[in-house]
Amino acid sequence: RGLPYADSTVMEIQARDVLEHLGDEFIFVMNECYRVLRSDGLASFDVPNVLSKDNPGAAFGDPTHRRFFCRHSFDYFESGQEQHEFNGTAYGILPWEILNILEILGDSVLRVIMRPVKGVSAGDSSGSAKVEPEGGGAGPQIPQITDLRQVLYRDILDPRPDGEAV
């Protein structure tokens, strides 16, 4: 099971206080976000900063947090970064471009803004992606996922053992 959207059809994904609650399914969920996002689409993820000086309990204080993040956690996702090329690809992480990492609420939360690297020209070894937007012109409304938590629990995580929808 994955996100209930066709490949490259979503323009924007917003996830606030979601990724830190994922366990082993984290890379699968990130790759699903990659799959459904258009090449000109954006993902915005807010995660507690484990290195926060303003609020050190933001990451560790919640007993439901299963994953911890700092700025460098996202090096594993960024195309061209050493961590992605040597480790991220081995873990099956698809390539992203990190557009910005902002510290918000002091420095207790990281807002990571990224987009999938799709349409890289063959033989491009520079590490820079050439993003080719899909489609164009008037057409059906482009979906946006503004509450990734709700979609994840409905379509991927479904904590009920009988598989009944939440």
Side-chain angles (χ1 to χ4, degrees), residues 1-5 8-118 127-129 131 133 142-159 166:
R1 290 172 33 157
L3 294 175
Y5 300 93
S8 300
T9 57
V10 174
M11 191 64 192
E12 180 180 8
I13 295 175
Q14 295 178 19
R16 311 281 180 262
D17 303 314
V18 174
L19 299 183
E20 65 272 17
H21 295 276
L22 300 176
D24 291 340
E25 63 278 356
F26 171 67
I27 291 173
F28 173 76
V29 168
M30 292 297 290
N31 285 346
E32 275 295 287
C33 290
Y34 178 101
R35 179 186 66 79
V36 302
L37 272 171
R38 293 167 39 127
S39 62
D40 57 344
L42 295 176
S44 176
F45 302 109
D46 285 7
V47 295
N49 180 6
V50 73
L51 300 177
S52 173
K53 290 180 176 66
D54 291 341
N55 186 1
F60 294 117
D62 185 335
T64 66
H65 288 179
R66 299 173 67 195
R67 184 166 299 281
F68 303 96
F69 296 92
C70 68
R71 288 176 165 274
H72 299 292
S73 302
F74 294 93
D75 290 348
Y76 287 80
F77 293 86
E78 186 160 23
S79 178
Q81 283 286 333
E82 183 176 337
Q83 288 296 347
H84 179 265
E85 302 309 315
F86 291 109
N87 296 312
T89 55
Y91 300 148
I93 298 171
L94 296 172
W96 293 80
E97 178 183 4
I98 308 297
L99 300 173
N100 207 341
I101 299 179
L102 306 167
E103 292 180 348
I104 59 175
L105 299 175
D107 71 347
S108 63
V109 173
L110 299 175
R111 175 165 292 159
V112 184
I113 302 167
M114 50 202 294
R115 69 175 166 200
V117 174
K118 298 181 180 184
S128 63
V131 178
I142 299 170
Q144 295 184 355
I145 303 172
T146 57
D147 185 356
L148 184 60
R149 179 189 315 255
Q150 179 182 11
V151 175
L152 287 178
Y153 278 103
R154 183 187 69 216
D155 297 302
I156 294 179
L157 302 178
D158 192 359
V166 178

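None of the values given here were measured: they were computed from a predicted structure. Numbers here are sequence positions counted from 1.
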Approximate separation, where rounding is to 0.5 Å, of Lys118 NZ and Asp40 CG
10.0 Å
Flag, side chain of Asn100 to backbone of Ile113, donor-acceptor distance under 3.5 Å
no
Calculate, to the nearest 0.5 Å, the distance between atoms CZ and CG belonging to Arg71 and Leu51 respectively.
10.0 Å
For the CG atom of Asp17 and the CG atom of Asp62, what is their distance to the nearest 0.5 Å?
9.0 Å
Without swapping roles, check the side chain of Gln81 against the backbone of Ser79 for a donor-acceptor pair under 3.5 Å.
no
Would you say Asp54's side chain and Ser108's backbone share a donor-acceptor pair under 3.5 angstrom?
no
Val47 side chain near Phe74 side chain, heavy-atom distance below 4.5 Å
yes
What is the minimum heavy-atom distance between Glu103 and Asn49, and which atoms define it?
OE2-ND2, 4.2 Å
What is the distance from atom CZ of Arg16 to atom CZ of Arg111, rounded to the nearest 0.5 Å?
4.5 Å
Please report the C-alpha distance between Glu25 and Glu32 in whole Å, then the side-chain angles of each, then the deciding distance to 0.1 Å, and finally whether the side chain to side chain contact (heavy atoms under 4.5 Å, CB included) criterion is met.
CA-CA 10 Å; Glu25 63 278 356; Glu32 275 295 287; over 6 Å; no
Using modelled atom types and a 3.5 Å cut-off, is there a donor and acceptor pairing between side-chain atoms of Gln14 and backbone atoms of Ser44?
no
Angle class for the Phe45/Trp96 ring planes (parallel below 30°, perpendicular above 60°, tilted otherwise)?
perpendicular
Looking only at heavy atoms, the pair that brings Ala58 and Pro48 closest together is O-CB, 3.7 Å
Got His84 and Ile93 here, is their nearest side-chain heavy-atom distance under 4.5 Å?
yes
Spell out, as yes or no, whether a donor-acceptor pair under 3.5 Å connects the side chain of His65 to the backbone of Ala59.
yes
Show the numbers, then the answer: is there a side chain to side chain contact (heavy atoms under 4.5 Å, CB included) between Asp46 and Ile104?
CA-CA 9 Å; Asp46 285 7; Ile104 59 175; 3.7 Å; yes
CD of Glu78 to CG of Leu99, rounded to nearest 0.5 Å, is 8.5 Å
Given Phe26, which of Tyr91, Phe77, Phe68 fulfils the ring pair (Phe, Tyr, Trp, His ring centres under 6.0 Å) condition?
Phe77
Search all heavy atoms of Tyr34 against all heavy atoms of Val117 and return the closest pair with its distance.
OH-O, 2.6 Å
Taken to the nearest 0.5 Å, the spacing of Arg115 CZ from Leu37 CG works out to 11.5 Å
Under the criterion side chain to side chain contact (heavy atoms under 4.5 Å, CB included), I'd like the reasoning laid out for Leu3 against Arg35: C-alpha separation, chi angles, the key distance, then a yes or no.
CA-CA 9 Å; Leu3 294 175; Arg35 179 186 66 79; 4.2 Å; yes
Side-chain donor or acceptor of Arg38 paired with backbone N/O of Val10 under 3.5 Å:
no
Would you check, one step at a time, whether the test side chain to side chain contact (heavy atoms under 4.5 Å, CB included) holds for Ile13 with Val36?
CA-CA 9 Å; Ile13 295 175; Val36 302; 4.0 Å; yes
Is it the case that over 12 heavy atoms from other parts of the model lie below 6.0 angstrom from the CG atom of Asp24?
no
